[in-house]
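In what follows, a structure is listed as structure tokens, so that the remarks can point back to it.
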Amino acid sequence: MSNDGAAIPPSSARAIQLQGLTKRFGETTAVDAVDLEITDNELFFLLGPSGCGKTTLLRMIAGFIEPTGGRILLGDRDVTAVPPNKRNTGMVFQSYALWPHMTVADNVGYGLKIRKIAADERARRVTAALETVQMEALAGRKPNQLSGGQQQRVALARALVVEPSVLLLDEPLSNLDAKLRLSMRAEIRRICKGAGITTVYVTHDQKEALSMADRVAVLDRGQVVQVGGPRELYERPSTRFVADFLGETNFLPAVVKGRDNGAVVLQTPAGILRSTSAPPEVEGGRAVLCSLRPEAVRIGGPADGNRLAGSMVSSSYLGEVAQHVVALPGDLEVVTLELNPRPFGPPGSEIALTVDPDQVVVLAE
Ligand code: ATP
């Protein structure tokens with residue numbers, strides 16, 4: 001199941017709307033006038049560094065934190081003043097918060113019991129939820145007899161069993177080891193898309209967001225900086241913050257010389273570069289910053305392309321890939337990645353780099 005590309009048809013219904021949503025704690029503005037629309041069945045990520053306000057935003061959607069201003073709509077219903085248990089949201093916490101004295105089945109069925117669902121209906125729904133997360137065989141165990149990944153699945157089943165209209169996940173993989181995190185990424189996406197449920201997922205891990213999300217909102221200091229699909233955000237970041245937060249990149253200062261044949265011509269201290277990835281408002285004479293991903297900077301390449309001449313500073317052999325640091329005129333250094341690396345030249349050897357105009361991203365700010 002791919003998450004690469006525009007996954008959301010434009011006609012989809014809006015499951016969640018946040019309008020001017022704001023939360024202040026004393027002097028701190030944790031969430032600052034956030035506007036977002038999340039569509040039905042979407043797996044939507046809130047991504048940002050520690051303290052950017054993502055947990056506060058998620059908890060306001062759940063109803064655990066009261067907004068200072070703005071509105072929250074679930075479907076067409078304004079729930080801003082509605083208590084958490086009347087919002088029909090399901091939440092999975094970082095800690096899973098399973099009851100230690102209850103079996104897996106009782107943990108999952110607890111929410112149905114307090115909703116006074118009859119025992120036979122309850123049993124049927126618990127079994128279905130445990131099947132969804134592939135935990136039906138361990139229904140009789142207690143949480144301390146489960147691995148971290150299994151506890152994670154139980155927490156998901158417990159949130160799904162009440163058939164919430166919205167599922168809210170707060171860093172759900174943070175307690176798992178690295179290998180399990182990787183396999184659970186695909187698993188959670190499978191479960192959420194399979195259940196057809198609108199999901200909001202909070203993380204500070206950009207790889208988690210890129211690999212799982214339909215769309216991502218990148219947050220910085222309480223504000224949404226950019227919203228888009230994984231490829232769009234990685235390949236077309238609009239700001240330095242987004243380019244930097246979503247992976248390794250090289251920043252090159254440049255001055256816009258003008259436009260030529262649909263490309264923006266840039267004078268950098270290392271030479272001329274052409275870009276077909278510049279925002280339309282970029283004008284001649286303006287000082288800008290370009291972002292070049294290390295994997296977009298190639299060694300060699302066509303002589304008539306976007307070419308920069310430099311000298312090798314250092315190389316690290318990493319097996320399937322090598323990382324080279326190359327010095328460029330103007331006291332600049334760029335990092336390049338070479339897949340299936342050939343033997344390196346010694347430090348100081350001359351080297352030509354090329355980069356596709358499509359991959360020279362001119363940042364708006
Ligand atoms: P993390 O990834 O570290 O959990 P986050 O992006 O989820 O961070 P929040 O927990 O939403 O960030 O916090 C956003 C800001 O609001 C931070 O500056 C935090 O210190 C502040 N904050 C959060 N909760 C409270 C509170 N109850 N009282 C005062 N300040 C708070």
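Start at 1 with the first residue, then count along the sequence. It should be emphasised that the depicted structure is a prediction, and the values quoted were computed from it without experimental measurement. Whatever order the structure lists them in is the order used to number ligands and atoms, beginning at 1.
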Review point. Using links of under 4.5 Å between side-chain heavy atoms of ILVMFWY residues, direct or through other members, which residues join I351 in one cluster?
Key: L252, V256, V264, L266, L273, V282, V288, L292, V297, I299, L308, M312, V326, L328, L332, V334, L353, V355, V360, V362
Check your understanding: So W99 and H101, would you call those rings parallel, tilted or perpendicular, with 30° and 60° as cut-offs?
Key -> perpendicular
Exercise for review: Check the angle between the aromatic planes of Y201 and F45 and answer parallel, tilted or perpendicular using the 30° and 60° thresholds.
Suggested key: parallel
Review point. Do the side-chain N and O atoms of R236 and S277 include a donor-acceptor pair separated by under 3.5 angstrom?
Key: yes
Practice item. Establish, from distance only, whether the side-chain atoms of T80 and D78 form a donor-acceptor pair under 3.5 Å. Key: yes
Mind listing the N or O contacts between ligand 1 and protein, cut-off under 3.5 Å?
from, atom 1, to, atom 2, distance (Å)
ligand 1, 2 (O), K54, NZ, 2.7
ligand 1, 3 (O), S50, OG, 2.6
ligand 1, 6 (O), G51, N, 3.4
ligand 1, 6 (O), C52, N, 3.0
ligand 1, 6 (O), G53, N, 3.0
ligand 1, 6 (O), K54, N, 3.2
ligand 1, 6 (O), K54, NZ, 3.0
ligand 1, 7 (O), T55, N, 2.9
ligand 1, 7 (O), T55, OG1, 2.7
ligand 1, 8 (O), G51, N, 2.8
ligand 1, 11 (O), T56, N, 3.0
ligand 1, 11 (O), T56, OG1, 2.5
ligand 1, 12 (O), G53, N, 3.3

Practice item. Determine, for Y234 and R293, whether the Lys NZ or Arg CZ falls below 6.0 Å from the six-membered ring centre while staying within 45 degrees of the axis. Key: yes
